[in-house]
Amino acid sequence: MASSASSLAEEKGVKLEENPEYLVSEPPRPEYGDLSFPAFRIARPLGMKSMEAASLLAERINDALKRLSLGLASVMGGYVNVRLEAPRLASMTMEAYRRLGERFGEVPAERSLRIVVEHTSANPIHPLHIGHARNAVLGDSLARLLEARGHVVQRRFYVDDMGRQVAVLAYGLRLLGFMKPEGKPDHWIGLVYAITHTLLDIRKLKDIVDELRRNGRDEETRGKIRELDELVADASELREKEPGLFDRIADAMAKDPSPERNISRLMVLYEQGDPEVKKLFREAVEKCIEGFRETLEDRMGIRFDKWDWESDLSWSGMVGRIIEEARRSPYYTTYKGSEALDFSEIQRDPEIREKLRIPSSYDIPPLILRRSDGTTLYTTRDIAYSLYKFRDFNADKVINVIAAEQRLPQIQIRLALIALGYRREAFNLIHYAHEMVSLPGVRMSGRRGRYVSLDQLLDAAVERARIEVEKRARSMAPSEADRAARIVGVGAVKYALLSIAAQKPMTFSLEEALDFERNSAPYIQYAHARAANILAKAKEDWGEGGVEWEEASAPPIRRRLLLQASRTPYIIAKAADELRPELIVSHLGRIADIFNSWYPLDPVIQEKNRGARLYKLALVDLTRHVLAKGLHLLGIEAPEKM
RNA sequence: GGGCCCGUCGCCCAGCCAGGAUAGGGCGCCGGCCUUCUAAGCCGGUGGUCCGGGGUUCAAAUCCCCGCGGGCCCGCCA
């Protein structure tokens with residue numbers, strides 16, 4: 001339909017403003033047909049009345065459909081509606097499925113691109129929590145979608161080991177005098193970090209209180225004392241968790257006349273590559289990453305091709321070279337006494353504003369490149385890293401999956417790239433922003449050790465799934481039940497995170513994620529398992545011929561399942577091109593709904609007529625495949641049994 | 001003070017970018033369905049001033065403007 005509209009426009013020498021493909025939709029009532037096109041939308045640019053455009057377009061579409069004997073177009077109001085010839089659609093779709101096998105649904109893009117997807121990149125100072133999970137699951141799904149579209153994708157994790165937070169952790173570990181994680185290493189690291197950070201804050205606040213008191217500022221003193229009380233409460237909670245660890249760090253810190261100075265010194269020494277400090281930092285961060293990998297790779301099946309250490313980038317001289325380039329740039333300036341890049345001129349360019357999506361009346365502040373002690377800042381290092389991602393993979397496009405709160409620094413990075421003459425990179429660096437995840441009633445804080453870790457959530461989900469699996473575990477071997485529980489539990493968490501569009505803030509309710517009914521991963525997985533089960537019991541292969549394609553026409557629900565399943569390649573392409581995994585989520589939901597309504601009404605194996613039975617088997621097989629494919633693109637496994 | 005995102009049945013969400021034919025799902029609630037390919041399922045019912053107000057248009061949940069409510073950002077943190 002879309003191509004008929006395009007060619008019509010082309011002949012009239014008119015360029016349509018919008019892609020006609022976007023105008024194709026499903027009519028509101030099934031009697032109207034299977035697809036519809038609002039002809040009035042293209043009537044005006046073509047210089048026609050809407051009815052005129054509709055009948056002309058219907059004629060074109062009919063010609064095209066006739067060539068394939070695929071259906072019939074009719075005019076209704078200003079719409080052209082098409083009713084597809086189900087048997088023909090069935091044989092074409094199944095033929096493609098048989099030819100492509102497991103690849104059915106993937107449509108290669110016109111041009112295969114090299115794309116880097118950087119995601120998760122959590123600070124290596126505490127375990128992953130639900131917010132990181134949203135990032136990880138989105139990033140992983142985007143990567144899978146892009147691959148399905150024929151792009152060459154590289155997944156990278158940025159290990160941010162040069163921030164102040166890691167220095168705080170390293171300082172704490174040095175006070176502790178050893179590094180022997182008990183239990184999962186990232187959890188242990190998280191505890192050390194929280195204890196150290198909280199003790200540091202208490203120390204700082206105490207100093208402030210003393211100072212205020214000396215100056216007789218009673219009002220302010222009382223306020224600060226209240227803050228202090230809260231901190232002490234947090235500290236005692238931490239102490240309860242691990243008294244030995246806590247006291248050791250506390251005692252050692254009490255002997256240090258200036259913890260802050262020592263932390264800053266650690267940062268400087270690490271950036272300089274001091275061997276002893278380097279060993280300390282690296283060991284600490286490696287422990288944490290080890291824990292991350294256990295969660296991401298072993299438990300969630302989210303893998304990375306590269307783990308990029310921020311410090312490596314810095315030591316290699318890349319960050320230094322960026323600063324050199326900045327100094328030579330005409331936008332180099334001094335801001336608040338520090339070296340900086342000034343964007344006031346660049347951001348006046350309307351093309352740049354539009355391409356980087358900078359709001360029209362928004363003034364991007366200058367970007368400071370270095371602290372006064374000479375150490376670099378995160379954003380500066382990220383400029384180097386952005387370029388590195390393009391170069392190292394020879395990438396056409398780099399997608400950063402990063403929380404929306406980092407919008408400003410992400411814009412600054414792209415402006416900086418332009419300032420340094422890297423326009424192509426700036427325009428092909430995409431900030432895929434997602435909003436935060438909160439847990440109801442939980443005030444999370446990594447610095448205070450107050451968080452629900454992703455591991456805990458996954459444990460709860462898998463545990464819940466195990467109970468459900470055991471309820472119906474019929475003929476399942478224990479190892480099989482284990483596997484099913486893991487697939488269902490982890491799948492449910494992933495689905496919950498993917499089913500809400502990324503730009504919406506979400507409250508993650510474990511309760512709801514563990515409701516394994518409709519609109520959940522288990523619901524889709526269940527439909528898949530049922531389909532797989534029918535196929536397993538069938539002992540017949542529809543692919544060897546004898547399928548009666550006429551069976552595709554009726555009953556309506558059977559026909560609808562075919563129609564929906566056959567849209568899959570289009571949906572996958574769209575979801576990949578628009579970076580919208582949630583389109584896959586809703587497509588799977590629709591297919592599972594139709595399949596679940598269909599199969600109890602229209603038994604497959606008991607069907608007496610062989611040709612009909614084989615067609616139904618083909619339809620079950622297609623459905624099974626399409627569900628598995630979609631789940632896979634979301635990073636969710638599809639069990640054969642559950 | 002400036003900017004970004006969000007606001008749709010009691011609750012959670014889709015639809016909005018690319019305006020059109022009675023605004024869709026799920027949860028909840030009410031009532032049915034396990035001798036027939038797994039009831040994590042199916043069938044029926046209940047429920048909406050699309051945050052408010054203007055404007056553009058033959059036509060607005062969708063586009064524009066002004067408000068209101070919630071989240072986030074504006075650091076020599078990351």
Side-chain angles (χ1 to χ4, degrees), chain A residues 16-23 25 27-29 32 36 38 40-41 50 76-79 81 121 123 125 160 162-166 335-340 357-365 368-379 381-382 403-409 411 433-436 438 465 468-469 471-472 474-475 488 492 499-507 509 512 515-527 529-531 533-538 578 582-583 585-586 589-590 592-593 596-601 603-607 616 620 641-642:
Chain A
L16 292 176
E17 257 176 54
E18 52 211 6
N19 183 346
E21 204 173 294
Y22 294 128
L23 298 175
S25 66
R29 310 178 69 147
Y32 295 171
S36 99
F40 46 80
R41 287 285 291 279
S50 66
M76 191 164 188
Y79 289 90
N81 293 329
S121 301
N123 279 329
I125 45 168
D160 176 12
M162 292 193 76
R164 213 193 123 72
Q165 302 178 335
V166 174
Y335 182 67
K336 293 187 185 173
S338 291
E339 295 183 74
R357 297 251 169 78
I358 302 173
S360 56
S361 60
Y362 188 41
D363 194 35
I364 308 289
I368 291 176
L369 297 165
R370 296 210 298 176
R371 295 189 183 89
S372 38
D373 66 4
T375 54
T376 52
L377 285 146
Y378 172 81
T379 322
R381 300 189 293 265
D382 214 3
E405 61 186 13
Q406 298 218 39
R407 204 155 243 148
L408 174 62
I411 290 176
H434 64 86
E435 281 293 341
M436 307 304 293
S438 56
E468 295 297 320
V469 168
K471 269 193 214 161
R472 13 192 158 220
R474 280 176 293 278
S475 59
V488 169
S499 58
I500 294 177
Q503 74 270 17
K504 291 208 186 201
M506 69 178 292
T507 302
S509 150
E512 277 169 36
D515 179 356
F516 295 164
E517 295 186 350
R518 269 167 163 267
N519 195 18
S520 69
Y523 175 78
I524 315 283
Q525 289 169 323
Y526 180 71
R530 292 297 301 263
N533 195 42
I534 294 171
L535 294 169
K537 292 194 170 164
E578 299 182 5
E582 72 273 16
L583 296 182
V585 172
S586 57
R590 267 197 291 271
D593 282 344
N596 284 336
S597 300
W598 169 61
Y599 73 75
L601 302 174
V604 176
I605 295 168
Q606 283 96 322
E607 168 66 57
K616 290 189 199 176
V620 172
K641 271 192 197 176
M642 64 185 274

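In what follows, chains are A, B, ... by sequence order, proteins preceding strands, each numbered from 1. The figures here come from the full heavy-atom set of this structure, side chains too, leaving out hydrogens, waters and symmetry mates.
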Which distance, rounded to the nearest 0.5 Å, do you find between the [atom1] of [X] and the [atom2] of [Y]?
X        : Y        : atom1 : atom2 : answer
A:Asn81  : A:Arg29  : CG    : CZ    : 12.5 Å
A:Arg357 : A:Arg407 : CZ    : CZ    : 9.0 Å
A:Ile368 : A:Arg371 : CD1   : CZ    : 11.0 Å
A:Tyr378 : A:Gln406 : OH    : CD    : 5.0 Å
A:Arg530 : A:Tyr599 : CZ    : OH    : 3.0 Å
A:Leu377 : A:Glu339 : CG    : CD    : 11.0 Å

Give a yes/no on whether any side-chain N or O of [X] is located under 4.0 angstrom from OP1 or OP2 of [N].
X        : N      : answer
A:Arg518 : B:rC42 : yes
A:Tyr335 : B:rG75 : no
A:Arg371 : B:rC77 : yes

Suppose you measure atom [atom1] in [N] against the same atom in [M]; what distance do you get, rounded to whole Å?
N      : M      : atom1 : answer
B:rC50 : B:rG7  : C1'   : 10 Å
B:rC27 : B:rG48 : C1'   : 16 Å
B:rA60 : B:rC73 : P     : 38 Å
B:rG55 : B:rC74 : C1'   : 32 Å
B:rG25 : B:rG15 : C1'   : 11 Å
B:rC58 : B:rG44 : C1'   : 40 Å

With a 3.5 Å cut-off and heavy atoms only, can you find an N or O donor on one side and an acceptor on the other between the side chain of [X] and the base of [N]?
X        : N      : result
A:Glu517 : B:rA39 : no
A:Ser597 : B:rC42 : no
A:Ser499 : B:rA14 : no

So what does [X] hit on the nucleic acid, given a heavy-atom distance under 4.0 Å: a base, only sugar-phosphate, or nothing?
X        : value
A:Gln165 : nothing
A:Pro20  : nothing
A:Ala529 : base
A:Arg41  : base
A:Gly77  : nothing
A:Val585 : nothing

Identify the nucleotide, in any strand shown, that forms a Watson-Crick or G-U wobble pair with [N], with both distances under 3.5 Å; if there is none, say none.
N      : value
B:rA21 : none
B:rC63 : B:rG55
B:rG69 : B:rC6
B:rC11 : B:rG26
B:rU35 : none

Output the rounded distance in Å from [atom1] ([X]) to [atom2] ([N]).
X        : N      : atom1 : atom2 : value
A:Ile368 : B:rG75 : CD1   : P     : 9 Å
A:Phe40  : B:rU57 : CZ    : P     : 18 Å
A:Asp593 : B:rG41 : CG    : P     : 10 Å
A:Glu578 : B:rC16 : CD    : C1'   : 13 Å
A:Tyr22  : B:rU62 : OH    : C1'   : 17 Å
A:Tyr79  : B:rC58 : OH    : P     : 17 Å
A:Leu369 : B:rC76 : CG    : P     : 12 Å
A:Phe516 : B:rA39 : CZ    : P     : 18 Å

Kindly give the heavy-atom pair with the smallest separation between [X] and [Y], and that separation in Å.
X        : Y        : value
A:Ala465 : A:Phe516 : CA-CE1, 3.6 Å
A:Arg381 : A:Thr376 : NH1-O, 2.7 Å
A:Lys616 : A:Pro603 : NZ-O, 2.8 Å

Is there a donor-acceptor contact under 3.5 Å linking the side chains of A:Asn596 and A:Tyr526?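 Per modelled atom types, A:Asn596 and A:Tyr526 side chains form no pair under 3.5 Å.
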Run the numbers on A:Tyr335 and A:Leu369 for side-chain contact (heavy atoms from CB on, under 4.5 Å), then give the verdict. CA-CA 10 Å; A:Tyr335 182 67; A:Leu369 297 165; over 6 Å; no
Anti/syn call for B:rC34, syn if |chi| within 90°: syn
So, A:Tyr526 and B:rG41: ring centres less than 5.5 Å apart, planes less than 30° off, yes or no?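 Per 5.5 Å and 30° rule: no stacking.
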According to a cutoff of under 5.5 Å between the ring centres and under 30° between the ring planes, does A:Tyr362 stack with the base of B:rG2? no
Let's see if you can work this out: which of [options] has an atom nearest to the side-chain heavy atoms of [X]?
X        : options                : value
A:Ile500 : B:rC27, B:rC74, B:rC13 : B:rC13
A:Leu23  : B:rC77, B:rA21, B:rA18 : B:rA18
A:Met76  : B:rG25, B:rC76, B:rA21 : B:rA21
A:Ser36  : B:rG41, B:rA18, B:rA21 : B:rA21

Nucleotide N/O of nucleotides 33-37 of chain B paired with protein N/O under 3.5 Å:
unit_1	atom_1	unit_2	atom_2	d
B:rU36	O2'	A:Gln606	NE2	2.7
B:rC37	O3'	A:Lys537	NZ	3.3
B:rC37	O2'	A:Asn533	ND2	3.4
B:rC37	O2	A:Ile605	N	3.3
B:rC37	N3	A:Val604	N	3.0
B:rC37	N4	A:Tyr599	O	2.1

Hey, mind stepping through A:Val488 and A:Met642 against side-chain contact (heavy atoms from CB on, under 4.5 Å) and telling me if it holds? CA-CA 8 Å; A:Val488 169; A:Met642 64 185 274; 3.9 Å; yes
Upstream residue (5' side of RNA chain B) when A:Asp363 and A:Ser25 are each assigned their closest nucleotide: A:Asp363
Find which nucleotide of RNA chain B each of A:Asp515 and A:Arg29 is nearest to by heavy atoms, and output the residue with the more 5' nucleotide.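 Per heavy-atom nearest nucleotide, the more 5' residue is A:Arg29.
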Between A:Asp515 (side chain) and A:Glu517 (backbone), is there a donor-acceptor pair under 3.5 Å?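 Present.
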Write out a two-atom table: protein N or O, nucleotide N or O from nucleotides 4-7 of chain B, distance below 3.5 Å.
unit_1	atom_1	unit_2	atom_2	d
B:rC4	O2'	A:Arg407	NH1	2.8
B:rC5	O2'	A:Gln503	O	2.7
B:rG7	OP1	A:Lys504	NZ	3.0

